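These numbers come from a predicted model, not from an experiment.
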Amino acid sequence: MQEKDIYFFKKKGFDSLYKEKECSYIHTILNQEYDFISKRKIENSEEYKKIKEKIPLKSDNSFFCVFVDGIPIIFSKNNNDIIFSNICYQKESLIKDFYGKLSYNKKYDVFNTINNIFSEGAFIYIPNNILLKKPIEIVYVTTGIVQKLMINIRNLIVVGKGSSVKIIEYHKYLKKNSSLINIVNEIYALDNSNIDYYKIQDKLKDSFVIDNTFFKQKKNSKCSIYTFSFQGKIIRNNLKFYSHGENAYSYLYGVSLLSEKQIIDNNTYIDHLYSNSYSYQLYKKILWGESQGIFNGKIFINKFLKGINAFQKNNNILLSNKSYIYARPQLEIYSENVKCSHGCTIGNIQESELFYLQSRGIPEKEANILLLLSFLEEILKSVDIYIKKIIYDKIKKKLDKLNL
């Protein structure tokens, strides 16, 4: 695969990116000189020793997969045939039916290609009929040993038939650092499985994030993904779902709160390949300062399919005159026996609602925060894991800093 990608990269380079009209920001990401870091340098560092002491691998609360500057180093112990491991150490026979199968399609993607040339990653395997009570935490630690670091991570997650798991992915920075974090996740939900996936993108003030996450769902599976984007110089999330069995349910949620000149770009694609499946997308952004939001969402349904219900919604609040949103919800439907719809709104805080709260004695700033929290509640109420309080605290802290 790497030889193939090196060939494609030499042939096509970055040209495909410059053809995307709404991605003018891409020059900012590319016009940097990035460095790489070796595993030996990390393992000999004082920062790494401190990380090992802090990560509670024997915790009763979670399983852990920890990356340090993009290198997978710390894993919880395998348990009851559940595997947490560096994917480089896995037998080919175990991963050959999954690895690289989702991320490769007819369309050339330069970041996916670079990722495969340089990356290592985690392999998480949940056997059939396992109800994993503890969540899995995937932690990306950046030490700051090297500035302007390019980090490439490629994870493979397979959830067996009838199994259920919750996964949390988040970032830790030990020092102020400017990095390009290029992540690829390939996730398989086999028959009757259930996956809840939470991404928390925060404390990435000087960093760029390119995230390509792919889901393949088999029959009767249910997958939900929540993407919380609170801070990052430029964050681009490409999320692709392949509904590959009847009665597959896909839920995509996104909450973004950005300020200054930060950019969030959410791209979703759902391909319904079987009849009688369901997808629901809800993305909400609150932007202020000179921040920018982009939402590109597409639902694709081929002819001869029936009984599909697909819905897509993008709601946005702009709190300053210099923030803006670019939204493009799209339906590409070739069957008449389906229900599909999409919607998009852009606005600000309603004066009548603000007046109502103030007339009940609530100060203006608190009233504004209540209205903004209410706007996000449609998504937050469905989060049923302990990070719900962490998410609320982060949102409240960001809104408190606003000059409302």
Spell out, as yes or no, whether a donor-acceptor pair under 3.5 Å connects the side chain of [X] to the backbone of [Y].
X: Ser45; Y: Ile42; answer: yes
X: Gln330; Y: Ile299; answer: no
X: Asn348; Y: Leu318; answer: no
X: Thr113; Y: Asp109; answer: yes
X: Ser163; Y: Asn129; answer: yes
X: Asn115; Y: Phe111; answer: no

Review point. Can you list the steps and then say if Gln90 with Ser85 is a side chain to side chain donor-acceptor pair (under 3.5 Å)?
Key: CA-CA 8 Å; Gln90 286 306 309; Ser85 171; 3.0 Å; yes
Review point. For residues 370-380, which residue pairs qualify under salt bridge (Lys or Arg N to Asp or Glu O under 4.0 Å), counting only residues two or more places apart or in two chains?
Key: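 Sorted pair list: Lys284-Glu378, Lys313-Glu378.
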Check your understanding: Which pairs, with at least one residue in residues 37-46 and sequence neighbours excluded, count as a salt bridge (Lys or Arg N to Asp or Glu O under 4.0 Å)?
Key ->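 Those involving residues 37-46 are Glu46-Lys49.
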Review point. Would you find more than 12 non-hydrogen atoms of other residues, nucleotides or ligands less than 6.0 Å from Asn128 atom CG?
Key: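 Enclosed.
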To the nearest 0.5 Å, what is the distance between [atom1] ([X]) and [atom2] ([Y])?
X: Ile387; Y: Tyr226; atom1: CD1; atom2: OH; value: 9.5 Å
X: Phe228; Y: Ile390; atom1: CZ; atom2: CD1; value: 11.0 Å
X: Ser193; Y: Ile130; atom1: OG; atom2: CD1; value: 13.0 Å
X: Asn192; Y: Asn220; atom1: CG; atom2: CG; value: 4.5 Å

Review point. Looking at Thr143, Ile151, Val139, which hits side-chain contact (heavy atoms from CB on, under 4.5 Å) with Val68?
Key: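 Exactly one candidate clears the test, Thr143.
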Review point. Among Leu102, Ile187, Ile124, Ile95, which one satisfies side-chain contact (heavy atoms from CB on, under 4.5 Å) with Leu156?
Key: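 In the set Leu102, Ile187, Ile124, Ile95, the residue that makes a side-chain contact (heavy atoms from CB on, under 4.5 Å) with Leu156 is Ile95.
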Check your understanding: Step by step, would you call Asn185 with Tyr197 a side chain to side chain contact (heavy atoms under 4.5 Å, CB included)?
Key -> CA-CA 11 Å; Asn185 290 308; Tyr197 203 105; 3.8 Å; yes
Closest approach of [X] and [Y], non-hydrogen atoms and distance?
X: Pro72; Y: Asn86; value: CG-ND2, 3.5 Å
X: Lys388; Y: Val383; value: CD-O, 3.1 Å
X: Tyr173; Y: Lys203; value: CD1-O, 3.5 Å
X: Gln147; Y: Ser178; value: OE1-N, 3.7 Å
X: Val338; Y: Ser335; value: CG2-O, 3.6 Å
X: Asn112; Y: Arg154; value: OD1-NH2, 2.6 Å

Check your understanding: How would you list, by chain and number, every residue that makes a side-chain hydrogen bond (donor to acceptor under 3.5 Å, both in side chains) with Tyr278, sequence neighbours excluded?
Key ->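 By the side-chain hydrogen bond (donor to acceptor under 3.5 Å, both in side chains) rule, Tyr278 matches no residue at all.
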Could you list the residues that satisfy salt bridge (Lys or Arg N to Asp or Glu O under 4.0 Å) with [X], not counting sequence neighbours?
X: Glu332; answer: Lys298
X: Asp271; answer: none
X: Asp191; answer: none
X: Glu169; answer: Lys199

I'd like to check [X] versus [Y] (side-chain heavy atoms, cut-off strictly below 4.5 Å). Are they in contact?
X: Leu287; Y: Ile317; result: no
X: Leu380; Y: Ile391; result: yes
X: Gln201; Y: Val209; result: yes
X: Leu252; Y: Phe241; result: yes
X: Ile168; Y: Ile385; result: yes
X: Ile225; Y: Leu239; result: yes
X: Ile395; Y: Leu399; result: yes
X: Glu120; Y: Ile71; result: yes

Check your understanding: What residue pairs, at least two apart or across chains, pass side chain to side chain donor-acceptor pair (under 3.5 Å) with a residue in residues 248-263?
Key ->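 Every side chain to side chain donor-acceptor pair (under 3.5 Å) pair that includes a residue of residues 248-263, provided the two are not neighbours, is Gln217-Ser250.
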Point to revise | Trace of the ring-ring contact (aromatic ring centres under 6.0 Å, His included) decision for Tyr334 with Phe300 | key: CA-CA 8 Å; Tyr334 297 98; Phe300 185 89; 5.6 Å; yes
**Study point:** Ring centres under 6.0 angstrom apart (Phe84, Phe63)
**Key:**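 Yes; Phe63 has its ring centre under 6.0 Å from that of Phe84.
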Check your understanding: Quick one: are the ring centres of Phe311 and His342 less than 6.0 Å apart?
Key ->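 Between His342 and Phe311, which both carry aromatic rings, the centre distance is not below 6.0 Å.
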Practice item. Would you please name every residue forming a side chain to side chain contact (heavy atoms under 4.5 Å, CB included) with Tyr7, sequence neighbours left out? Key: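 Expected list: Lys11.
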Practice item. Check side chain to side chain contact (heavy atoms under 4.5 Å, CB included) between Asn194 and all other residues, then give those that pass, not counting sequence neighbours. Key: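 With neighbours one apart ignored, the set is Ser164, Asp196, Lys222.
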Practice item. Assess whether ring-ring contact (aromatic ring centres under 6.0 Å, His included) is satisfied between His244 and Tyr274, documenting all intermediate values. Key: CA-CA 6 Å; His244 216 269; Tyr274 278 70; 5.5 Å; yes
Check your understanding: Can you pull the ring pair (Phe, Tyr, Trp, His ring centres under 6.0 Å) pairs that have at least one residue in residues 139-160, sequence neighbours excluded?
Key ->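 Applying ring pair (Phe, Tyr, Trp, His ring centres under 6.0 Å) to every pair that reaches into residues 139-160, excluding sequence neighbours, yields Phe67-Tyr140, Tyr140-His171.
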Exercise for review: Scan for ring pair (Phe, Tyr, Trp, His ring centres under 6.0 Å) pairs involving residues 33-52, sequence neighbours excluded, and state none if there are none.
Suggested key: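 The answer is Phe36-Phe118.
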Point to revise | Verdict with supporting geometry, Asn247 and Asn276, side chain to side chain donor-acceptor pair (under 3.5 Å) | key: CA-CA 5 Å; Asn247 299 313; Asn276 303 315; 5.7 Å; no
Check your understanding: side chain to side chain contact (heavy atoms under 4.5 Å, CB included) between Ile26 and Arg236: does it pass, once the steps are laid out?
Key -> CA-CA 10 Å; Ile26 215 71; Arg236 177 173 178 156; 4.0 Å; yes
Review point. Are Thr227 and Tyr283 close enough, and set up right, to give a side chain to side chain donor-acceptor pair (under 3.5 Å), and what steps lead you there?
Key: CA-CA 9 Å; Thr227 305; Tyr283 280 77; 4.8 Å; no
Review point. Quick one: do the Tyr125 and Asp81 side chains pair a donor with an acceptor below 3.5 Å?
Key: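 Judged by distance alone, the side chains do not pair up.
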Check your understanding: Does the distance from a Lys or Arg side-chain N to an Asp or Glu carboxylate O, for Asp393 and Lys389, drop under 4.0 Å?
Key ->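 Answer for the salt bridge query: yes.
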